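For the numbers below, each heavy atom of this structure counts, side chains included, while hydrogens, waters and symmetry mates do not. The structure presented is a predicted model; accordingly, all values stated were derived computationally and were not measured.
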Amino acid sequence: MASTSDIAKRYFEALAAHDLDAAAACWKPGAIDRLVGGQDLVAPDGILAYFGDLFAAFPDFELEVVELTTARSRTAVRWRAHGTFAGPGRFQGFTPNHARVAIEGCDVITVADELIVHNDAYIDSGDLARQLGLLPAAGSPAEVRLTRLANTRTKVMRAVHGVSTEAVADGVWVVRGGFPLKVMNVYLIADGDGVTVFDGGVKGMGQPLQAVCAQHGGARRVVLGHADPDHRGAAPALGVPVFCHPLERETAVKEKSLRDYWDMGKLRPYARPYFKRMLPAWDGGSVAIEGTVAEGDEVAGFEVVELPGHAPGLIGLFRRSDRLALVSDTVYTLDIQTGRKGGPRIPHPAFDVDVEQARASIRKLAALDPERVWAGHADPVTGDVRRQLQEAAEAEVP
């Protein structure tokens, strides 16, 4: 009976001899040859097609095994190869350019019943691209220019979708994003060896928010203050469990989270086209909800407080030890139509399910006597917070 090493040697001997039939015969039909970072080949046809193209494009292709290491049903094969991209056939869509290449790689072959049932093939694709002339040589003036171009693109993307991070309390950070004013607030709360993310920001914050979370050990979960597009938008990009209030689940899982109760007619005429265009752009699509949270639940040292009115299941988080409140859209601290910042106010009625319920939630928040209130947008409420909240609850709607 042939061993795992025997099958691996037989396969590489067939490839070295350009014997496609013998190479394909080493595979179990339907097995996957995974070219890591590239494509998956399905045996036997995928093996025959790929290596047929390779040998046609590199007619002097030579392959040698450097080392084999076997553990149970797997053999790691370290190999080196060289050849000339002379054709006549193309390879992976590229026309032969007579480039001479020399590469090394490693295949990790899994064997069962004397057939290959899986392979993971690793090569330095960047080095291969340089040898083929598809990328500039390392350290060359062309590579320097390409690097500058990439850095310029990064700067532009940061200007459009970048975020800023600020510590707001012990173990709590606000991440500000959203083009162009960066008034979308997402909160990170230290939680074990990572962070809990409160509110999901807008879609464009996804990648930079993921990077900020990585700096703090990585996101462990997302808790949505509510499921409006500008508060769930980046959540899918983080790839972690997401939680919300039970009354927000139905909206959170929808592909589009536009609400039936919104009334754009309550906005000033100049603001209506802006929100009609931006709300879909902010949305990152359907969010898979792992579970729900409700009044009194604990989240990373904070207590969940139900604060409906702007949205049916809007929640905030309150930490009694320092009276810090993170309240999503319970209050606004800016005029959403002009971008002007100011004190706390009732969320704009164009987007509220129940304005009177929103007033009651602001009174409930004031009764907690918070020292600082960080809203879903713009700046915090500080100073005589309780008085400001009480006045906001009684003020006329915008």
Would you check, one step at a time, whether the test salt bridge (charged side-chain N to carboxylate O under 4.0 Å, His left out) holds for Arg232 with Asp199? CA-CA 7 Å; Arg232 75 168 194 171; Asp199 257 355; over 6 Å; no
Is Leu115 reachable from Ile109 through a run of hydrophobic residues whose side-chain heavy atoms are each under 4.5 Å from the next? no
What distance separates Arg220 CZ from Leu188 CG, expressed to the nearest 0.5 Å? 13.5 Å
Taken to the nearest 0.5 Å, the spacing of Met184 CE from Asp230 CG works out to 5.0 Å
Would you check if there is a donor-acceptor pair between the side chains of Thr75 and Thr4 at a distance under 3.5 Å? no
Approximate separation, where rounding is to 0.5 Å, of Tyr274 OH and Leu279 CG: 9.0 Å
Side-chain (Asp53) to main-chain (Tyr50) donor-acceptor, under 3.5 angstrom: no
Closest non-hydrogen atom pair, Phe85 against Pro96: O-CB, 3.4 Å
Would you mind checking if Arg345 and Glu394 are paired as a salt bridge, meaning a charged N to carboxylate O distance below 4.0 Å? no
If you take the centroid of each ring, where Trp contributes its six-membered ring, are Phe61 and Phe51 closer together than 6.0 Å? no
Phe275 ring center within less than 6.0 Å of Phe351 ring center: yes
Checking Arg372 side chain against Ala325 main chain: does a donor-acceptor pair fall under 3.5 Å? no
Any side-chain donor-acceptor pair under 3.5 Å between Arg259 and Thr251? yes
Is a donor on one side and an acceptor on the other found under 3.5 Å between the side chain of Glu356 and the backbone of Ala358? no
What's the verdict on side chain to side chain contact (heavy atoms under 4.5 Å, CB included) for Trp173 and Val168, showing C-alpha distance, side-chain angles and the deciding distance? CA-CA 5 Å; Trp173 300 265; Val168 302; 6.0 Å; no
Neighbour count above 12 (heavy atom, 6.0 Å) for Phe94 CZ: no
Steps toward side chain to side chain contact (heavy atoms under 4.5 Å, CB included) verdict (Thr382, Trp374): CA-CA 9 Å; Thr382 58; Trp374 279 87; over 6 Å; no
Is any side-chain heavy atom of His377 closer than 4.5 Å to one of Asp329? yes
Would Leu247 end up clustered with Val304 when hydrophobic side chains under 4.5 Å apart are linked, directly or stepwise? no
Would you give the length of the straight line joining atom CG of Asp352 to atom CG of Asp263, rounded to the nearest 0.5 angstrom? 11.0 Å
Take a 6.0 Å sphere around CG of Asn97 and say whether it holds more than 12 heavy atoms from other residues, nucleotides or ligands. yes
Using the benzene-type ring in the case of Trp, are the ring centres of His226 and His310 under 6.0 Å apart? yes
For residues Glu306 and His245, determine if any side-chain heavy atom of one lies less than 4.5 Å from a side-chain heavy atom of the other. yes
What's the verdict on salt bridge (charged side-chain N to carboxylate O under 4.0 Å, His left out) for Glu295 and Lys364, showing C-alpha distance, side-chain angles and the deciding distance? CA-CA 12 Å; Glu295 182 86 16; Lys364 179 179 179 179; 3.1 Å; yes
Do Glu13 and Arg10 meet the salt-bridge criterion of a basic N to acidic O distance under 4.0 Å? no
Any Lys/Arg nitrogen of Arg340 or Asp335 sitting under 4.0 Å from an Asp/Glu carboxylate oxygen of the other? no
Should Glu303 and Arg320 count as an ion pair when the cut-off is N to O under 4.0 Å? yes
Does Leu48 share a hydrophobic cluster with Val117, counting links as ILVMFWY side-chain heavy atoms below 4.5 Å and allowing steps through other members? no
Closest non-hydrogen contact found for Cys213 with Ala219 is CB-N, 3.7 Å
Looking only at atom types and distance, does a side-chain atom of Asp19 sit under 3.5 Å from a main-chain N or O of Ala22, one as donor and one as acceptor? yes
Calculate, to the nearest 0.5 Å, the distance between atoms CD1 and OG1 belonging to Ile346 and Thr330 respectively. 12.0 Å
Is it true that the side chains of Gln388 and Asp384 contain a donor and an acceptor less than 3.5 Å apart? no
Hydrophobic clusters here meaning ILVMFWY residues chained together by side-chain heavy-atom distances under 4.5 Å, can you tell me if Met278 and Leu258 are in one? yes
Less than 4.0 Å between a side-chain N and a carboxylate O, is that true for Asp113 and Lys28? no
Could you tell me whether the side chain of Leu128 reaches within less than 4.5 Å of the side chain of Leu132, counting heavy atoms only? yes
Give a yes or no on this: more than 12 heavy atoms of other residues, nucleotides or ligands lie within 6.0 Å of atom CD of Gln39. yes
Short side-chain to backbone donor-acceptor contact, Ser328 and Gly316, under 3.5 Å: no
Side-chain heavy atoms of Trp79 within contact of Glu64, under 4.5 Å: no
Quick one: do Arg387 and Glu391 make a salt bridge, cutoff under 4.0 Å? yes
Going through the checks in order, is the side chain to side chain contact (heavy atoms under 4.5 Å, CB included) test met by Asp40 and Asp33? CA-CA 6 Å; Asp40 288 349; Asp33 189 1; over 6 Å; no
Can you check salt bridge (charged side-chain N to carboxylate O under 4.0 Å, His left out) on Lys203 and Asp283, steps first, answer last? CA-CA 6 Å; Lys203 179 181 178 180; Asp283 201 357; over 6 Å; no
Kindly say whether the aromatic ring centers of Phe302 and Phe318 come within a distance under 6.0 Å. no
Looking at every non-hydrogen atom in both residues, tell me the closest pair between Ala271 and Gln337 and how far apart they are. CB-OE1, 3.7 Å
Before giving the answer on side chain to side chain contact (heavy atoms under 4.5 Å, CB included), spell out for Leu365 and Val305 the whole-Å C-alpha distance, their side-chain angles and the decisive distance to 0.1 Å. CA-CA 9 Å; Leu365 177 60; Val305 182; over 6 Å; no
Would you call Arg100-Asp60 a salt bridge at under 4.0 Å N-O? yes
Is there a path of hydrophobic side-chain contacts, each under 4.5 Å between heavy atoms of I/L/V/M/F/W/Y residues, joining Val174 to Leu238? no
Carboxylate-amine/guanidinium contact Glu166 Arg176, below 4.0 Å: yes
Minimum heavy-atom separation for Pro312 and Val353, please, with both atom names. N-CG1, 3.9 Å
Just verifying a value: how many Å separate Phe198 CZ and His231 NE2, rounded to the nearest 0.5 Å? 9.5 Å
Is a side-chain N or O of Arg78 found less than 3.5 angstrom from the main chain of Gly105, in a donor-acceptor match? no
For Leu389 and Pro344, the nearest pair of non-hydrogen atoms, with its separation, is CD2-CB, 4.2 Å
Side chains of Lys266 and Pro349, heavy atoms from C-beta outward: is any pair under 4.5 Å? yes
Would one find more than 12 heavy atoms of other residues, nucleotides or ligands at under 6.0 Å from atom CZ of Arg359? yes
Can we say Arg319 and Asp322 salt-bridge, meaning some charged N sits less than 4.0 Å from an Asp/Glu carboxylate O? yes
Specify the closest pair of heavy atoms between Ala57 and Phe91, including all atoms of both residues, with the distance to one decimal. CB-CB, 3.6 Å
